[in-house]
2 protein chains.
Amino acid sequence: MQSKELTEPASGPLQAADMRRPATLVDVAFAAKVSIATASRAINGRRYVSDDTRAQVLRAAEQLNFRPSSLARGFRAQRSQTVGMIVPDISSPFYAAALRGAQHVLSRQGYTVLVCDTEEQPQREREALDLLTGQRVAGLILAPVASDHANLRQVLARQPMALVAIDNRLEGRPTDTVLVDNVEGARTLTAHLLEHGHRRIGHISGILSETSGADRLIGYQQALADADIDFDARLVAEGDWSEAGGYAQAMRLLDTANPPTAIVIASSLMAVGTLLALRERNIPVPGSIAVACFDDAPWAPLIEPSLTALCRQDYALGAAAAELILVQLGAKTPRTEREHRLPMTLVVRRSCGCNGEISPLTQPA
Amino acid sequence: MQSKELTEPASGPLQAADMRRPATLVDVAFAAKVSIATASRAINGRRYVSDDTRAQVLRAAEQLNFRPSSLARGFRAQRSQTVGMIVPDISSPFYAAALRGAQHVLSRQGYTVLVCDTEEQPQREREALDLLTGQRVAGLILAPVASDHANLRQVLARQPMALVAIDNRLEGRPTDTVLVDNVEGARTLTAHLLEHGHRRIGHISGILSETSGADRLIGYQQALADADIDFDARLVAEGDWSEAGGYAQAMRLLDTANPPTAIVIASSLMAVGTLLALRERNIPVPGSIAVACFDDAPWAPLIEPSLTALCRQDYALGAAAAELILVQLGAKTPRTEREHRLPMTLVVRRSCGCNGEISPLTQPA
DNA sequence: TTGTAAGCGTTATCAG
DNA sequence: CTGATAACGCTTACAA
């Protein structure tokens, strides 16, 4: 008795393209003179639609500029075509590149990426989690800062959601994880400085409560052990990844009774701080103190002296995390490991004491 | 006759917190022994709810770990609490910082940010627009690359949506826009090199079909005109913002009959390319050729010679764009201009010929 | 092959 | 102040 009203949009059929309301499936069905079900099937490329009908519907959709509402779809599916990404600082080149990689992979499968920048605050990490939970994201790529993940566990208990940790391991919960091979990287850097003949090698570490920071320290210790050198805790200064932190910790090491002749630094930003400290003290690099660090950057070959650094593949890291999300969501992708550990490559320049060349470009795209 | 079934969730009341389905308003209402309508009012802090009832509802919500579904809300409102951001390269420090600024402002108002990276391809810009349109984003922050915005206009005709352009003007359509003062910046750089006594100043420009590239060229020309110097088109080489482009265009300028004695470069990345070219040719900087560029970077003080550059406030740019979105959405925010032109400040270092100091830090946070 | 109708969670309208 | 109910756009059993 009311089938006419049902197929016809409340505000009348769409005739002009300048209507103030996005076209809906009802509009399309009406224009193509079919039922909504048929229109839906045609749009989604399902079987059991005659070629004629399909063409008709697609033409109508085209004409009306129809864009299926992801909101309605997600609402019905109880899950949005959306993946959240929570990072401590999206303006950091590492996370920005990782985001790019993730977004590249995900957008190809029709997902969009919701970014949340926690500004390094656990409080904001919790807020972000709530926000994304409310959005019913299908998956979450998380670069954890807070070590307390009670609320994360709580959320996941009620919300089935693909989860991949990046950069740091998520302790206390088996989770797909993508990170760089921090232990091996630190071994490589330290071993390289050992090859230059250094025996008193310092380490400006990252934040040690983060697994990446801890792992880098472990690698440094392993390399020393491999060379039969006793570990001296006085040669380790805990930084906070930042340039200012690197500066401060470098000063601390320089002010010890017996300063190192070489330093392994856990980030290039801290290396910059260190170089500034050394410059201030008029200590020649690599002459009096050699330096090698993590996290190569585009400017590493240009500074004085050019930085010997480990190159990480941030884009690949984000892309790998996204792939893992897709795997968990059952999308079509190759099966992958539980913990991806991406290798890093040493880019030898001059700060370590080598005669590094002047290379025009540094990081692979 | 069925009110019992309606207030009680289909799968039975929620008792344990480990249910496999997020709590809904129905669950909360049931637990608080009120109607869904009342529960909704209580949750949303609306009037006409007794304090007792409200407390009861909030307690139930808390217990059940209730997170209102943004999907359902958005679906009902025909608009998500979401703002899209389309940029050509999110791993570029400028866009990354702008994203951070935007996300900071928007998340404080309960919005989340959907990022799309177009990888500089107009095709992907169109796809991103479709994706975000489907998501029924409330607003869109767009850093345009494609000059053809026909489809954008088409989309906007049917979808009411807050829109703010950043970085480049969106020609042919009055749009809120936030950009840096490109003309003034180029004038400043050029004038500074003029003060050093240079009369033959070249320009490695950005992409001239983008308004930022065009404006920078205009500023360069204006400064020359102000100094009564005739414009010589042979001194302008159109780059593409990239390091490789800067290298190539620098070589081109060097290979002309009468090379410039100073160069204004439209981006720091291109300046790096230029410096590498000059180094390759053994041309001392600033001795034989002085250099000054746009887009200061953290590593600018560390390279050899340290770069004289214009500092842009990317974070502020993103934040301003977000504010404009909020204004358009009628949220509570101060009224703002139609076109924001953020000033840039000249950071004098050594590549221009000044005796720039070694500053420990560069960019303001 | 096509059509009908239920239902996803929320808010708004209207009746009590 | 509170409760019942319709509606938002879409997918999907199920019916034809």
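Given the structure is predicted, the values throughout are model-derived calculations rather than measurements. In what follows, chains are A, B, ... by sequence order, proteins preceding strands, each numbered from 1.
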Find the distance B:Leu25:CG to D:dA6:P and express it as a whole number of Å. 18 Å

CG of B:Asn44 versus C1' of C:dG9: gap in Å, rounded? 12 Å

Name the closest nucleotide to the B:Thr38 side chain, picking from D:dG3, C:dA5, C:dG9. D:dG3

Heavy atom of residues 45-52 of chain A under 4.0 Å from DNA chain C: which residues? A:Tyr48, A:Val49, A:Ser50

May I ask you to verify if any side-chain N or O of B:Ser35 is less than 4.0 angstrom from the OP1 or OP2 atom of D:dG3? yes

Dump the intermediate steps for side chain to side chain contact (heavy atoms under 4.5 Å, CB included) on A:Glu339 and A:Arg169, then the final yes or no. CA-CA 9 Å; A:Glu339 174 167 322; A:Arg169 244 172 265 113; 3.5 Å; yes

Output the single nucleotide from C:dT10, D:dT2, D:dT11 whose closest atom is nearest the side chain of B:Thr53. D:dT2

Axis deviation across the helix from C:dT1-D:dA16 to C:dG16-D:dC1, five-pair ends, to the nearest 10°: 40°

Heavy-atom side-chain contact between B:Pro22 and A:Arg136 under 4.5 Å: yes

Just do the side chain to side chain contact (heavy atoms under 4.5 Å, CB included) check on A:Thr177 and A:Leu170 with the steps written out, would you? CA-CA 8 Å; A:Thr177 305; A:Leu170 207 53; 5.7 Å; no

Assess whether a salt bridge exists between A:Arg21 and A:Asp27, defined as any Lys/Arg side-chain N lying under 4.0 Å from an Asp/Glu carboxylate O. yes

Pull out every residue in residues 69-82 of chain A that has a heavy atom closer than 4.0 Å to any atom of DNA chain C, ordered by number, or say none. A:Phe75, A:Arg76, A:Gln78

Between atom CD1 in B:Ile43 and atom P in C:dG9, what is the gap in whole Å? 15 Å

How close or far is atom P of D:dG9 from atom CD1 of A:Ile36, stated in whole angstroms? 11 Å

Residue A:Arg41, side-chain atoms from C-beta onward, closest of C:dT2, D:dT2, C:dA5: C:dT2

